[in-house]
Amino acid sequence: MAEKLLSRAAGHAVYAGDLAICEPDMAMGTDGSVPMALDYFRDMQEDSALPAPARPDRLAFALDHYGVASGERAMALQAKARSFARLFGIHLFDVAEGIGHQLLLESGRVLPGQLAVGADSHAVSYGALNAFGSGIGSSDLAGIFQCGQLWLKVPGSIRVHLTGKLPPHASAKDLALTMARSLGAGGANYMALEFDGPGVASVDVDDRIVLANMSVEMGAKAGIFPCDNLTRSWLSGRTTAALNPVSADADAGYAHTLHYHLDDVVPMVALPHRVDNVVGFDAAAGTRVDMVYLGTCTGGRTKDYREALEVLRASGGVAPGVRLIVTPASASVHAELESTGMLAEFTAMGAEFQPPGCGSCCGTCGTTPNDGMHVVSTANRNFKGRMGNREAQIFLASPRACATAAATGHLTDPRNASH
């Protein structure tokens with residue numbers, strides 16, 4: 001699928017190892033990457049005036065990494081991106097609309113068969129919709145401003161063959177952490193993870209986004225799912241455009257194949273300070289938890305909050321002394337939480353809500369944990385200092401496991417939570 005997607009974007013056949021000059025169908029920049037891209041773009045010009053970008057209709061900016069508490073310099077960066085977008089008619093997702101990746105997906109701006117890149121590493125999320133989604137740097141984004149193109153080395157592919165169906169106690173996050181443990185942080189370096197097998201049909205689009213998103217935590221250049229009835233149903237109402245998906249040939253060549261039987265997936269947790277430092281809950285049970293974070297482009301969708309609430313209801317709410325922070329991935333998710341009464345339930349349990357966006361995840365806005373705090377999060381990264389404080393300890397787990405930790409005050413296998 002990676003070869004076919006990049007062949008389409010290059011306008012001719014390309015294969016693993018080739019260097020391809022491609023025209024992306026969509027390129028996204030954030031308030032953390034656009035300002036630097038604009039500096040590079042200015043350096044490319046003969047004078048100081050910035051011209052219109054080559055294809056403004058194929059660009060989108062998302063102001064999702066900073067908030068008012070980020071300071072004046074951050075606000076100036078947002079103003080710089082906002083001004084350029086408005087000047088040249090680039091679609092702008094403004095502050096509190098949500099996370100750029102989620103917004104591109106739910107607004108139908110990424111479609112099957114496309115090449116969609118983002119100046120943020122978790123642009124791999126777009127592979128959930130049968131696109132080649134990949135992160136790029138600010139200089140690459142500037143090149144797209146200049147000529148509407150970028151170059152990519154075509155990755156080889158690792159086949160991820162799924163069978164069975166996830167049991168009620170496990171989630172896509174648990175599968176992603178299981179993969180991170182077996183592959184390691186660099187086990188898929190500059191490869192495409194291609195998901196296939198009969199188990200794919202049981203993995204909904206929200207869960208596909210989680211798996212595609214976290215493929216970069218194993219070093220992957222892309223994580224790609226096939227387009228099927230679930231994909232088409234999810235996109236129905238989000239776009240009227242014709243879909244042009246790709247599928248792998250029956251004799252496609254892979255570097256190797258990984259097999260996962262979904263029925264065997266169990267709750268997992270990543271310990272500080274590596275995403276691949278993954279253990280079962282029996283090895284971490286009893287660890288104190290001070291703060292629980294429900295949000296990010298990995299765990300901030302309505303399904304995630306529904307699963308967390310099921311646990312919190314059954315367990316009697318949030319344990320004394322635990323801070324529960326909720327940051328929806330988009331304004332539409334926030335609206336759904338409000339309309340269904342879930343927002344009110346979380347609030348009644350003492351949850352603190354942040355505006356839709358990246359929030360605490362990247363440490364540039366939102367609630368910052370205190371020194372020595374143990375945080376369990378639905379996010380995708382737990383590097384030292386990731387949430388803005390190098391003295392905090394960050395654990396990664398599924399929404400159910402995070403909710404269980406909120407209810408008990410310590411890491412607990414969600415299968416053993418009181419009901």
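Quantities reported herein were computed from a predicted structural model and do not represent experimental measurements.
Both cation-pi conditions hold for Arg238 and Trp234: the charged atom is under 6.0 angstrom from the six-membered ring centre and inside a 45 degree cone around its axis.
Proximity of Tyr254 to Ile158: side-chain heavy atoms (C-beta onward) are nowhere separated by under 4.5 Å. Between Arg58 and Glu23 the shortest side-chain heavy-atom distance falls below 4.5 Å. Under the 4.5 Å side-chain criterion, counting only non-hydrogen atoms from C-beta, Val117 is not in contact with Asp140. Side chains of Leu103 and Glu97 form a contact here, defined as non-hydrogen atoms less than 4.5 Å apart. Inter-residue side-chain proximity for Ile394 and His273 is flagged as unmet; no heavy-atom pair is nearer than 4.5 Å. Between Lys153 and Lys221, every side-chain heavy-atom pair lies at or beyond the 4.5 Å cut-off. Contact annotation: the side chain of Asp276 never approaches that of Glu217 to less than 4.5 Å [non-hydrogen atoms, C-beta and beyond]. Between Phe353 and Thr327, every side-chain heavy-atom pair lies at or beyond the 4.5 Å cut-off.
Note on Asp304 versus Arg306: no salt bridge recorded, every NZ/NE/NH1/NH2 to OD/OE distance being 4.0 Å or above. Look at Asp207 and Lys173 and you find no salt bridge, because none of the NZ, NE, NH1 or NH2 atoms lies under 4.0 Å from a carboxylate O. Taking 4.0 Å as the cut-off between side-chain N and carboxylate O, Asp196 and Arg159 count as a salt-bridged pair. Ion pair Asp290/Arg323 not flagged as a salt bridge, since none of the NZ, NE, NH1 or NH2 atoms sits closer than 4.0 Å to an Asp/Glu carboxylate oxygen. Taking the charged nitrogens against the carboxylate oxygens, Arg109 and Asp25 have no contact shorter than 4.0 Å, which rules out a salt bridge. Comment: Lys80 does not engage Asp31 in a salt bridge, judged by the lack of any side-chain N to carboxylate O separation of less than 4.0 angstrom.
Heavy atoms from other residues, nucleotides or ligands lying under 6.0 Å from CE of Met342 number more than 12. Residue Asn229 places its CG atom among 12 or fewer non-hydrogen atoms of other residues, nucleotides or ligands, all under 6.0 Å distant. The neighbour count for Phe88 CZ, taken as heavy atoms of other residues, nucleotides or ligands under 6.0 Å away, is above 12.
At least one donor-acceptor pair closer than 3.5 Å links the side chain of Ser315 to the backbone N or O of Val311. Panel note: side chain Thr412, backbone Pro414; no donor-acceptor pair is recorded below 3.5 Å. For Asn380 (side chain) and Met214 (main-chain N/O), no donor-acceptor pair under 3.5 Å exists by modelled atom type. At distances below 3.5 Å, not a single donor-acceptor pair connects side-chain atoms of Thr239 with backbone N or O atoms of Leu235. Side-chain N or O atoms of Ser125 include one that pairs as donor or acceptor with a backbone N or O of His122 at under 3.5 Å. No donor-acceptor distance shorter than 3.5 angstrom exists from the side chain of Gln149 to the backbone of Ile144, with no hydrogens or angles considered. Remark: the backbone N or O of Cys297 is paired with a side-chain donor or acceptor of Arg301 at under 3.5 angstrom. Checked by atom type and distance alone, the side chain of Gln146 never pairs as donor or acceptor with a backbone atom of Pro53 at under 3.5 Å. Side-chain atoms of Gln45 come within 3.5 Å of backbone N or O of Phe41 as a donor-acceptor pair. A donor-acceptor pair is defined here as one N or O able to donate and one able to accept, closer than 3.5 Å; no such pair exists between the side chain of Ser138 and the backbone of Met36.
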Step-by-step side-chain hydrogen bond (donor to acceptor under 3.5 Å, both in side chains) determination, Ser121 to Arg381: CA-CA 11 Å; Ser121 58; Arg381 288 183 177 159; 3.1 Å; yes
From CA spacing to verdict: side-chain hydrogen bond (donor to acceptor under 3.5 Å, both in side chains), His101, Glu106: CA-CA 9 Å; His101 308 308; Glu106 69 180 34; over 6 Å; no
Steps toward salt bridge (Lys or Arg N to Asp or Glu O under 4.0 Å) verdict (Lys165, Asp263): CA-CA 5 Å; Lys165 183 179 180 179; Asp263 297 80; over 6 Å; no
Derivation and outcome, side-chain hydrogen bond (donor to acceptor under 3.5 Å, both in side chains), residues Thr163 and His261: CA-CA 5 Å; Thr163 57; His261 188 55; 2.9 Å; yes
Gln354 vs Thr367, side-chain contact (heavy atoms from CB on, under 4.5 Å): CA-CA, chis, key distance, verdict: CA-CA 8 Å; Gln354 295 176 340; Thr367 301; 2.9 Å; yes
Trace of the side-chain hydrogen bond (donor to acceptor under 3.5 Å, both in side chains) decision for Asp120 with His65: CA-CA 10 Å; Asp120 180 278; His65 277 59; 3.3 Å; yes
Step-by-step side-chain contact (heavy atoms from CB on, under 4.5 Å) determination, Met291 to Val322: CA-CA 5 Å; Met291 175 174 155; Val322 177; over 6 Å; no
Step-by-step side-chain contact (heavy atoms from CB on, under 4.5 Å) determination, Leu343 to Tyr305: CA-CA 9 Å; Leu343 188 152; Tyr305 295 119; over 6 Å; no
Verdict with reasoning, Leu193 to Met179, per side-chain contact (heavy atoms from CB on, under 4.5 Å): CA-CA 11 Å; Leu193 294 180; Met179 291 175 62; 4.0 Å; yes
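Checked against the 6.0 Å centroid criterion, the rings of Phe225 and Tyr126 do not qualify as a close aromatic pair. For His161 and Tyr260, the ring centers are positioned 6.0 Å apart or more. Taking the six-membered ring where the residue is Trp, the centroids of His91 and Phe93 are separated by under 6.0 Å.
In this structure, OG on Ser171 lies 11.5 Å from CG on Leu262, to the nearest 0.5 angstrom. Annotation: the span from His169 atom NE2 to Arg415 atom CZ amounts to 5.0 Å, rounded to 0.5 Å. Once rounded to the nearest 0.5 Å, the distance linking CG of Leu175 with CE of Met268 reads 10.5 Å. Taken from CG in Asp206 to CG in Leu211, the straight-line distance is 11.5 Å, to the nearest 0.5 Å. Taken from CD1 in Ile21 to NE2 in His12, the straight-line distance is 8.0 Å, to the nearest 0.5 Å. With values rounded to the nearest 0.5 angstrom, Ser139 atom OG is found 5.5 Å from Tyr40 atom OH.
Only one option out of Leu243, Val246, Asp228, Val110 pairs with Asn130 in a side-chain contact (heavy atoms from CB on, under 4.5 Å); it is Val246.
Minimum interatomic distance between Ala248 and Ala252 (heavy atoms only, all atoms of both residues): CB-CB, 4.3 Å. In terms of heavy-atom proximity, Ala119 sits nearest to Ser33 at O-OG, 3.0 Å. Of all non-hydrogen atoms in Ala201 and Leu230, the two that sit nearest each other are O-CD1, 3.2 Å. Nearest heavy atoms, Thr231 versus Pro112: CG2-CG, 4.2 Å. Taking all atoms of both residues into account, the shortest heavy-atom contact from Ala142 to Ala37 is CB-O, 3.3 Å. Of all non-hydrogen atoms in Cys358 and Ile99, the two that sit nearest each other are N-CG1, 3.8 Å.
Using bins of under 30°, 30° to 60° and over 60° for the plane-to-plane angle, the ring pair Phe61/Phe84 lands in the parallel bin.
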